[in-house]
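A short worksheet on the structure shown next.
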Amino acid sequence: QVQLVESGGGLVQPGGSLRLSCAASGSISTVIAMGWYRQAPGKQRELVAAFTSGGNTNYADSVKGRFTISRDNAKNTVHMQMNNLKPEDTAVYYCNADLVRAGSLIREYDYWGQGTQVTVSS
């Protein structure tokens with residue numbers, strides 16, 4: 001059973017910082033890609049930042065220069081440091097992984113964490 005567990009969300013004032021973490025656990029052979037999405041009320045879920053299958057990073061234009069993702073491959077963990085948070089960053093943030101389970105040769109795309117709320121407000 002593969003699980004993604006997120007942590008680090010909360011309430012912060014504009015200009016503040018949060019650090020989100022996501023750990024993938026279970027019978028995993030290979031994590032191919034891993035990153036963060038977010039969904040605000042009334043909006044579609046969007047990519048925030050992710051490590052791609054090629055090991056590069058992708059960032060949404062709205063967070064470039066403010067958010068930074070990092071990873072620990074040995075622990076199948078990704079982190080996202082979020083600085084200079086803005087009210088428009090308020091959303092539920094979801095960890096996502098594209099992976100191959102142990103004993104499988106099939107790439108699977110739809111592993112998601114339960115989401116962690118980030119609220120930026122005065």
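The shortest heavy-atom contact between Leu85 and Met82 is CD2-CB, 3.8 Å. Val48 and Phe67 make their closest contact through CG1-CD2, 3.6 Å (heavy atoms, listed as atom of the first residue, atom of the second, distance). What you find for Ala49 and Ile69 is that their closest heavy atoms are CB-CG2, 3.4 Å. Looking at every heavy atom in both residues, Thr90 comes nearest to Gln117 through CG2-NE2, 4.0 Å. Considering all non-hydrogen atoms of both residues, Glu6 and Cys95 come closest at OE2-N, 2.5 Å.
The environment of CD in Gln3 is sparse: at most 12 heavy-atom neighbours from other residues, nucleotides or ligands sit within 6.0 Å.
Side-chain atoms of Thr116 never come within 3.5 Å of backbone atoms of Tyr93 as a donor-acceptor pair (strictly under, hydrogens ignored). Side-chain N or O atoms of Asn96 include one that pairs as donor or acceptor with a backbone N or O of Tyr111 at under 3.5 Å.
A distance of 6.5 Å separates CZ in Phe51 from OG1 in Thr57, rounded to the nearest 0.5 Å. Atoms OH and CG, from Tyr109 and Leu99 in turn, are 11.0 Å apart once rounded to the nearest 0.5 Å. Considering CZ of Arg101 and CD of Gln1, their distance stands at 10.0 Å, rounded to 0.5 Å. The structure places CD of Glu88 at 8.0 Å from NZ of Lys43, a figure rounded to the nearest 0.5 Å.
The shortest side-chain heavy-atom distance between Arg38 and Asp89 falls under the 4.5 Å cut-off. Using a 4.5 Å heavy-atom cutoff, the side chains of Leu4 and Gln114 are not in contact.
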Show me the donor-acceptor pairs within less than 3.5 Å that the side chains of residues 8-33 make with the rest of the protein, sequence neighbours left out.
from	atom 1	to	atom 2	distance (Å)
Ser17	OG	Asn83	OD1	2.9
Arg19	NH2	His79	ND1	3.4
Ser21	OG	His79	ND1	2.8

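Ring planes of Trp112 and Tyr94: perpendicular class, angle over 60° (limits at 30 and 60°).
Clustering ILVMFWY residues whenever any of their side-chain heavy atoms sit less than 4.5 angstrom apart, transitively, puts Tyr37 in a cluster other than the one holding Tyr59. Trp36 and Val92 fall into different hydrophobic clusters, where Ile, Leu, Val, Met, Phe, Trp and Tyr residues are linked whenever their side-chain heavy atoms come under 4.5 Å apart, directly or through other members.
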